[in-house]
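Heads up: the structure comes next, in structure tokens.
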Amino acid sequence: MATEFVARGADLELKGIRKEFPGFTAIEDLDLHIPAGEFFALLGPSGCGKTTTLRLVAGLDQPTKGQILIGGKDVTHTKAHERPVNTVFQSYALFPHMSVLENVAFGLKQRKIDDPMTKAQASLDLVELGHLALRRPAQLSGGQQQRVALARALVNRPSLLLLDEPLGALDLKLRRQMQIELKAIQMEVGLTFLHVTHDQEEAMDMADTVAVMNKGRIEQMGSPEKLYDRPKTVFVSKFLGQSNLFVGSVEEENASSISINVAGSKITVPKDRAEKHKGKIAVGVRPEKAFFHEEKPKLGAGHNLIGPGEIIDIRFTGVSNQYLIEIPKIGNVTVFAQNIGKSPVTELGAQVWVSWKVEHAFGLSDLPTNTGSETITESITVQ
Amino acid sequence: MAFAAFSHGGGGSKKSAAPVSKGSGKVALLLLLPGLFYLAVFFIAPLFSLIATSLQTMDISSGFPIYNYGFQVSNYIDVVSQYGPQIFRSFFYALLATIAALIISYPLAYFIGVKARRWPLLQGLMLTLVIAPFFISFLLRTFAWKQIFSNESWIVSGLQQIGLLSPDQYLVGTPFMVIFGLTYNFIPFMTLPLYTTLERLDVRYLEAGADLYASPRKTFMKVTLPLSMPGIVSGTLLTFIPIAGDYVNASGLFLGSTETSMLGNVVESKFLKSYEYPTASALSVILMGAILLLVTLYVRKSGTDDLL
Amino acid sequence: MKNFSLGKYALPVYAVLAFTYLLIPIAYTFVFSFNDYRRSNIAWRGFTFDNWTSVCEAQGVCEAFATSVSIGLISTVIATVLGTMIAIALVRYRFKFRSAVSLLLFLPMATPELVLGAGLAAQFFNVGAEMGFGTIVIAHVMFCLSFVVVTVKARVASLDPALEEAGRDLYAAPAQVFWKITFPLLLPGIMAAALLAFALSFDDFIITYFNSGPTETFPKYVYTAAAKGLPGEANVIGMSVFFLAIAIVVTVQVRSSLKAKRLAKIK
């Protein structure tokens with residue numbers, strides 16, 4: 001039995017997974033491959049199916065349809081306690097009636113591994129809690145409990161470590177610190193990590209690959225940089241950071257780019273940065289990649305320009321100022337300007353034009369639900 | 001303090017854990033069946049037995065009574081006409097004793113639950129004192145009251161001397177004594193639920209009441225009392241139900257006499273002394289019916305569906 | 001000013017009076033357990049330890065006490081096992097007829113003991129069962145069951161299901177999850193339920209009297225003895241049980257309060 005558990009990470013493959021609960025479908029037709037040794041984040045709002053996915057992988061729930069493979073081996077019908085997978089639970093789920101050391105040794109004892117106490121102690125030392133081994137979980141702080149939960153999972157050397165919003169209950173400062181530690185531990189032990197979270201910053205900060213999940217499906221998957229630079233759907237563009245979206249019909253097309261007409265203004269996007277090249281599409285740009293000008297600038301073909309509009313709101317956030325600009329017939333556009341000494345225009349009511357480089361624009365595969373020339377500037381996550 | 005955050009965090013997994021997959025339906029059934037079967041055989045079936053027995057006919061042709069299954073509804077009419085006073089006493093005594101228990105318990109529960117909130121250990125010790133009577137046998141404590149108020153006791157002779165009782169008047173055997181005993185014996189059933197509600201009462205409501213120019217009396221009537229309604233409802237039910245069926249306090253052996261006989265005393269003597277099973281059963285069914293009706297009406301009216 | 005001080009002291013004074021009232025019969029029973037009584041233990045005849053040193057002297061007291069204890073133990077074990085199973089099923093599983101099951105469990109608690117006792121007796125009489133030790137146990141399990149369910153259910157509900165899932169995740173098979181995680185965590189609730197069941201069983205008279213036949217329990221002994229006068233030895237037994245129960249409750253309270261203080265210190 002014990003030999004089945006490998007010391008290094010294994011890859012995880014989900015094939016056509018579907019999970020139905022009475023009254024609703026939590027996951028519909030999910031395919032996913034996580035290479036061995038990767039730090040993979042499943043990101044999405046609550047109720048998107050990410051925790052259900054994790055529970056299916058852990059074996060705590062059974063999929064309605066589909067296959068789960070760990071290290072190439074089909075474990076779909078393997079019970080939770082027979083899978084080479086360990087979980088760090090959202091509530092940590094430390095056994096309150098056992099000492100910290102007994103908690104960590106629990107999995108080793110169940111598998112009848114030699115010398116469980118020594119190994120558990122070593123694992124506690126790894127997370128720098130060796131001196132608290134004889135305490136009860138209730139006597140530890142939140143951050144310490146989180147580390148015990150991590151040590152309890154890691155000590156088993158699972159092929160795959162599942163993390164269910166493990167930092168959710170910690171305050172911001174502790175969360176940052178734990179993010180760094182977690183990433184360091186993952187690199188040290190080389191295990192495959194599947195991290196479920198609703199915190200986009202956390203996912204982008206730690207993961208090699210991020211999959212954005214929405215309504216039981218994966219909307220887009222890729223490196224954090226790629227997801228941010230080139231979102232493919234409205235949901236991803238809004239869930240990861242903020243976006244200004246413009247909806248219009250494609251009116252011009254050349255070898256490398258297409259242009260849409262938004263209330264008389266021409267907005268161009270490179271073909272290789274657009275999901276669709278025909279019909280009505282949504283084009284977006286990140287607020288920090290847009291600039292505004294007090295006078296109508298003379299810009300080359302490599303730029304998009306809209307306006308004039310009026311500054312209707314200015315927010316000072318420290319590192320940057322956030323401007324909200326209302327452009328007639330087009331809608332509200334957000335622009336972030338870094339505070340690097342000389343600030344641009346700061347008074348409300350000023351008339352400005354907004355521009356950005358064509359290569360910073362991105363074309364989406366779907367349209368915002370409130371279509372028309374209205375732009376989407378609000379985002380789900382703050383900042 | 002970090003504790004609150006954890007329990008909060010656990011909420012998510014709790015929700016997703018609730019739907020259980022197919023195989024565990026069998027487990028649930030295996031867990032439930034033995035206990036439910038037990039209640040079906042030894043609780044539900046006896047209630048039907050009781051109804052069946054209450055409708056039996058009596059045959060005395062052979063010299064001693066033999067009961068046969070029948071449908072003699074007239075048993076009920078006989079019982080009500082014959083034991084009307086005892087039935088009435090049961091509910092009347094229960095009503096008075098419940099009211100007395102409420103009046104005695106409320107200030108006590110308020111003191112323990114609200115005023116003593118800052119001292120949990122003291123609170124715990126006072127609660128222990130409240131339930132202390134439960135730890136000594138029900139019959140022993142009732143017997144103790146009988147002795148304390150016995151005809152030879154200095155309390156009775158003292159009352160006779162100051163003229164509250166005439167020289168040939170005694171306490172034991174009077175309705176007063178029975179109601180006194182019933183009140184005493186079931187007070188903890190009243191105090192505990194009252195305490196539970198008052199303990200959770202947010203004192204800031206009271207401060208808000210005072211802040212909004214309500215006098216202490218008004219604050220009590222408009223804020224405290226309505227908020228403690230759930231405790232009052234379950235307390236009065238928990239007290240009234242056992243009192244209405246009690247036959248120890250009203251028994252001639254303890255605090256009562258034949259003048260204070262309640263429904264329970266009739267059932268006891270018919271069942272265990274004169275073996276008139278249909279009569280005893282019919283009286284029990286009447287009690288059960290009345291209690292069920294009362295509970296339903298009471299709970300519906302006060303809107304506290306999830307008590308107990 | 002006068003009003004203020006009155007309001008401040010009225011409740012504490014009232015509480016002291018109320019506690020005195022609640023404790024009077026207990027004090028009386030305690031005092032008269034030392035009475036050097038002759039035929040009946042009514043008038044004070046002098047102080048003695050005899051009742052305490054030779055409890056079993058009075059005819060039948062110890063036998064009745066022993067019967068009550070063994071009935072209590074057997075009923076408690078059965079009711080606790082059955083009730084715990086139901087409590088776990090109610091909290092952890094979804095099934096049809098859930099509200100019917102809840103009603104079935106609620107009803108015995110809302111039914112007057114008189115009806116429970118008479119109903120069961122009618123049943124035993126109709127099937128021709130012989131009344132005695134066995135029928136008392138059956139009756140006690142029946143009325144203790146719902147109280148066990150209510151007590152254990154609260155404990156199960158407060159148990160985070162993630163703990164059992166963590167056990168499964170850490171290679172524990174279902175049986176091991178139950179014995180190493182679920183059971184130890186439910187134990188305080190189960191113990192409380194068992195104590196409650198024992199107390200209910202030990203002190204029950206109303207239901208027992210209908211279903212006991214010739215078997216004598218301690219409360220039944222007191223009931224029959226009340227006619228001719230209760231021996232001081234009965235007071236001794238009553239007080240011993242009382243002190244034992246108080247000791248258990250106070251120990252539990254002091255321990256949990258100490259634990260809370262210790263935790264508060266660490267935080």
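To find a chain, count down the sequence lines: A is the first, B the second, and so on, and within it residues start at 1. Note that the structure is predicted; figures quoted are calculated from it, not measured.
Put simply, of Pro184(C), Pro174(C), Ala166(C), the one with the most heavy-atom pairs under 4.5 Å next to chain A is Ala166(C). Ranked by heavy-atom pairs under 4.5 Å with chain C, the first of Arg152(A), Lys109(A), Lys79(A) is Arg152(A).
Considering only heavy atoms from C-beta on, Met178(A) comes within 4.5 Å of Arg147(A) through its side chain. No side-chain heavy atom of His97(A) sits less than 4.5 Å from a side-chain heavy atom of Leu187(C).
With rounding to the nearest 0.5 angstrom, the CD1 atom of Ile26(C) is 9.0 Å from the CZ atom of Phe243(C). Separation of atoms CD1 (Ile207(C)) and CG (Leu116(C)) is listed at 4.5 Å; rounding is to 0.5 Å.
For Leu162(A), no part sits under 4.5 Å from any heavy atom of chain C, backbone or side chain. Contact of Arg136(A) with chain C is not made at all, since no heavy-atom distance falls under 4.5 Å.
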